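Every value quoted in this text rests on a predicted model; they were computed, and no experiment measured them. Every number for a ligand or one of its atoms is a count from 1 in the order of the listing. Numbering starts at 1 and runs along the sequence shown.
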Amino acid sequence: SSRDLKESENLRSDVRKKSPRILITGGLGQLGTECAKLLRKNYGNENVILSDIIKPTDENLSNGPFIFADILDFKGLQKIVVNYRIDWLIHFSALLSAIGEQNVPLAVRVNIEGMHNVIELAKQYKLRIFIPSTIGAFGPDSPRNPTPNVTIQRPRTIYGVSKVHAELLGEYYHHRFGLDFRCLRFPGVISSDPPGGGTTDYAVAVFHEGLLTKKYECYLEPCTRLPMMYIEDCLSALFQFLNTSNDQLRRRVYNVTAMSFTPEELFNELKKHVPDLKITYKPDGRQYIAESWPQVFDDSEARRDWGWQNKYNLEQLVESMIRDVRVNLL
Ligand code: AKB
């Protein structure tokens, strides 16, 4: 009967409402695969589409759809959003801070032009869009200890400049067009999936190289303090933030963090587990970038507005990373 039909239609639309269909761009970077795992656990494998322009490994393909998507190709993106009925877009594609300085024109294309495409796409198809920002969106004129949510931002890397641009354009599209733009400024994220071309990467590399070879040469000075967080905290912040209702959000861009440490403090904690680990220091250009970034990140607004709470401190992070890296690599 037509009533049955209506009821089953309602049921289907209820299920659809509960499970958004999500596209992740730059899905094979540091955050994508793990982010897809978490979202698939909550929304179903088929509802989370991982995408990138690079070839996936078997592990990337293990639990859900993977497709080619070039963020510089607007029509191609439109096709994906329509064909897969996308509701949410998680835009991870970006050149990070150190690698961006090595190829500024490419960083402008990927980080700025690519972002223009996805934000326009989100507006056109009324998608909820998440774009990560970073401690790198601050610069030498910003207060560094602590760095509040709203303060001076004058970054000196193309990565930072592109992220400030994304923050401002996202806020503008929100106020001007009602776009559901959401953005978290992450600190250095530490995961067993290797990042590429960041300034905080030493805190990942030391686990990989240190556990394998028992030695590590650090490109930052021993006392360079930076905000950091373990991948699980990063993704649970992202998940919780994506699921916060619009009326609870007092702003579209929030600082989040878990801890701050120096290379020396991290290595001392790691040496408790790997006593024969040998560390040497050879600072390079990344030192200048790190020195312009926050040392301690004030994320009290995220904690107040939507209940952000980290689980991992330095000790727990080191224990978990040793476990992750041993499982994945050794
Ligand atoms: C980088 O070091 O560039 C990134 C970041 C902190 O945004 N990890």
Quick one: pull up CZ in F92 and CG in D52 and give me the separation to the nearest 0.5 Å.
11.5 Å
Could you tell me whether Y159 approaches ligand 1 through its side chain, its backbone, both or neither, with non-hydrogen atoms closer than 4.0 Å?
side chain
Show which atoms of ligand 1 fall inside a sub-4.0 Å distance from at least one heavy-atom site of L96.
3 (O)
Measure from the ring center of W88 to the ring center of F130 and say whether it is less than 6.0 Å.
no
Closest protein heavy atom to atom 8 (N) of ligand 1, given as residue, atom name and distance to 0.1 Å:
T200 OG1, 3.0 Å
Heavy-atom count check: over 12 atoms from other residues, nucleotides or ligands less than 6.0 Å from R304 CZ?
yes
Out of all atoms in ligand 1, which are within 4.0 Å of some heavy atom of S97? Include the element for each.
1 (C), 2 (O), 3 (O)
Contact region, I135 to ligand 1, non-hydrogen atoms below 4.0 Å, reads side chain
Protein contact of atom 2 (O) of ligand 1 - nearest heavy atom, named by residue and atom, plus distance
T199 N, 2.6 Å
CD1 of I231 to CD of E34: how many Å apart, nearest 0.5 Å?
6.0 Å
Can you tell me if W293 has a non-hydrogen atom under 4.0 Å from ligand 1?
yes
Could you state whether I112 and L106 fall into the same hydrophobic cluster, counting links through intermediate Ile, Leu, Val, Met, Phe, Trp or Tyr residues with side-chain heavy atoms under 4.5 angstrom apart?
no
Considering non-hydrogen atoms of the protein only, which is the closest contact for atom 5 (C) of ligand 1, and what is the distance?
T134 OG1, 3.5 Å
Output for pair (T25 OG1, I49 CD1), nearest 0.5 Å, gives 12.5 Å
